[in-house]
Amino acid sequence: MTKRLFIKTYGCQMNVYDSARMADVLAPLGYAPGDDAEGADLVILNTCHIREKASEKVYSELGRLRLMKQERPGTLIAVAGCTAQAEGAEILRRMPFVDVVVGPQAYHRLPELVARASRAGGAALDTEFPVDTKFDHLPETATPPGPAAFLTIQEGCDKFCTFCVVPYTRGAEFSRPVAEVLREAERLVAGGARELTLLGQNVNAYHGRDADGRELGLGGLVRRLARIPALGRLRYTTSHPRDVDDALIAAHGEEPKLMPYLHLPVQSGSDRILEAMNRGHDAAHFLRIVERLRQARPDLALSSDFIVGFPGESDADFAATMDLVREVGFAGAFSFKYSARPGTPAALLERQVPEAVKDARLQDLQSLLRAQTEAFNRSVLGRVVPVLVEKPGRHPGQVVGRSPWLQAVHVEAPRAAIGATIDVRLVRLGPNSIAGEVASAAGAAA
Ligand code: 5AD
Ligand code: SF4
């Protein structure tokens, strides 16, 4: 009998990938994913712990699910992901109606946990970091990928930035073997994917051995993957400035399938703050990498992450961040107020920055970044660029895809164009996307 599954995903793309894999693991048990919690037999919240706000969302969603469960007591509620890892016991104490708590490295055991919870009526918790990885146990993906698919190649982090929970929630740095990555990539492409985004918390720390025993970094892996004929585009995220090596820079210059858009978080432009964050590089190092990447690939656009109000951040430190932003010129960015996370070293630092100061700095930074994004988007207007069409648009007759720089582009074209790369003239900026016109129906390769 088919049972209904609803997975709500918070946080990063890694969680999006994990949610799809959870559905794969549960498919043999008869669970079919739907898009509503109402009436579901199993609801999974795949949670994020990166900032306090992200974690709070989970508790308020659980409050809603409690009411739903009162009406349908048979519904199973599972909490997965990074908040589950960090606060599993606390979740069960505060929310005793939760049936399953499972961490990001243990979700291949969901069938067993779900069975245990429904049998015993008590909660099942698994937040271990098993010795053998979940990837050894996950079934082949059951759902066909869209034209643009995610592929996790690396997980966890050993860098221990002082603000960050990831080393604790995702565990130690780990790379999947080259052969396994190639196999999954080929399967995704055979299933219709034309673009792959390689995922990792620290994706350019990737290292693995190929069939000949040669050590490959991310640059080498990108070149291998680029040999898959029907694969048109490659991206990767999220990377660390310390792990941008010569081979990766060369791949940006020489591998046309590697798209000219790179998310490279810098967090701050102040050397003092970068040091206190334990980032392992200074502002000059970041600028030098940007320069070398742009030399290799002149049309490369950059995005980044920023934190304002890290403990001890002075006006001068913040000014250094603004200077760095002005110097680089970003095509996109995410910026956040520092959020003290329990268990991280920075949470214990004195000189926490007052909320009002964080607010003011965030506003300044975001208005600068918004202006830069708009300037970048404006700079591509009038050009004809390859767009990989991903899905139907909001209006009939319209489809939506991505430019090489990850801009959403909508265009009048038949649905049959989904999965094809078409040449589009970019004509107008919308609030969240660019309007384009088909310039040639013949699919370009890139
Ligand atoms: N507070 C605010 N932002 C954070 N990030 C990570 N940890 C924190 C924190 N404690 C941001 C960083 C990271 C992005 C994913 O989230 O900018 O790159
Ligand atoms: Fe959130 Fe980080 Fe976990 Fe992703 S890895 S879900 S961003 S805490």
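Counting starts at 1 for both ligands and their atoms, in listed order. Nothing here was measured: the structure is a model prediction, and the numbers come from that model. Quick note: numbers below take in every heavy atom, side chains included, and nothing from hydrogens, waters or symmetry partners.
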* To do: Could you go through the side-chain contact (heavy atoms from CB on, under 4.5 Å) check for Phe310 and Thr162 one step at a time?
  => CA-CA 10 Å; Phe310 185 84; Thr162 54; 3.3 Å; yes

* Residue pair Asp305 / His263, side-chain donor-acceptor N/O under 3.5 Å -> yes

* **Per-atom contacts, ligand 1 versus Tyr338 - under 4.0 Å to a heavy atom** => 1 (N), 2 (C)

* Taking only heavy atoms of Asp305, which atoms of ligand 1 are found under 4.0 Å from at least one of them? -> 13 (C), 14 (C), 15 (C), 17 (O), 18 (O)

* To do: With heavy atoms under 4.0 Å as the rule, classify the contact between Phe163 and ligand 1 as side chain, backbone, both or neither.
  => both

* To do: Looking only at non-hydrogen atoms, find the nearest pair between Trp405 and Ala301 and report the distance.
  => CD1-CB, 3.8 Å

* State which residues pass side chain to side chain contact (heavy atoms under 4.5 Å, CB included) with Arg64; sequence neighbours excluded, sorted by chain then number. => Glu61

* Asked: Do Ser55 and His49 have side-chain atoms, one donor and one acceptor, less than 3.5 Å apart?
  -> yes

* **Lys337 neighbourhood, listing ligand 1 atoms whose heavy-atom distance to it stays under 4.0 Å** => 1 (N), 2 (C)

* Asked: For ligand 1, which atoms sit closer than 4.0 Å to a heavy atom of Arg341?
  -> 10 (N)

* Short list, please: which atoms of ligand 1 are under 4.0 Å from a heavy atom of Gln267? -> 12 (C), 13 (C), 17 (O), 18 (O)

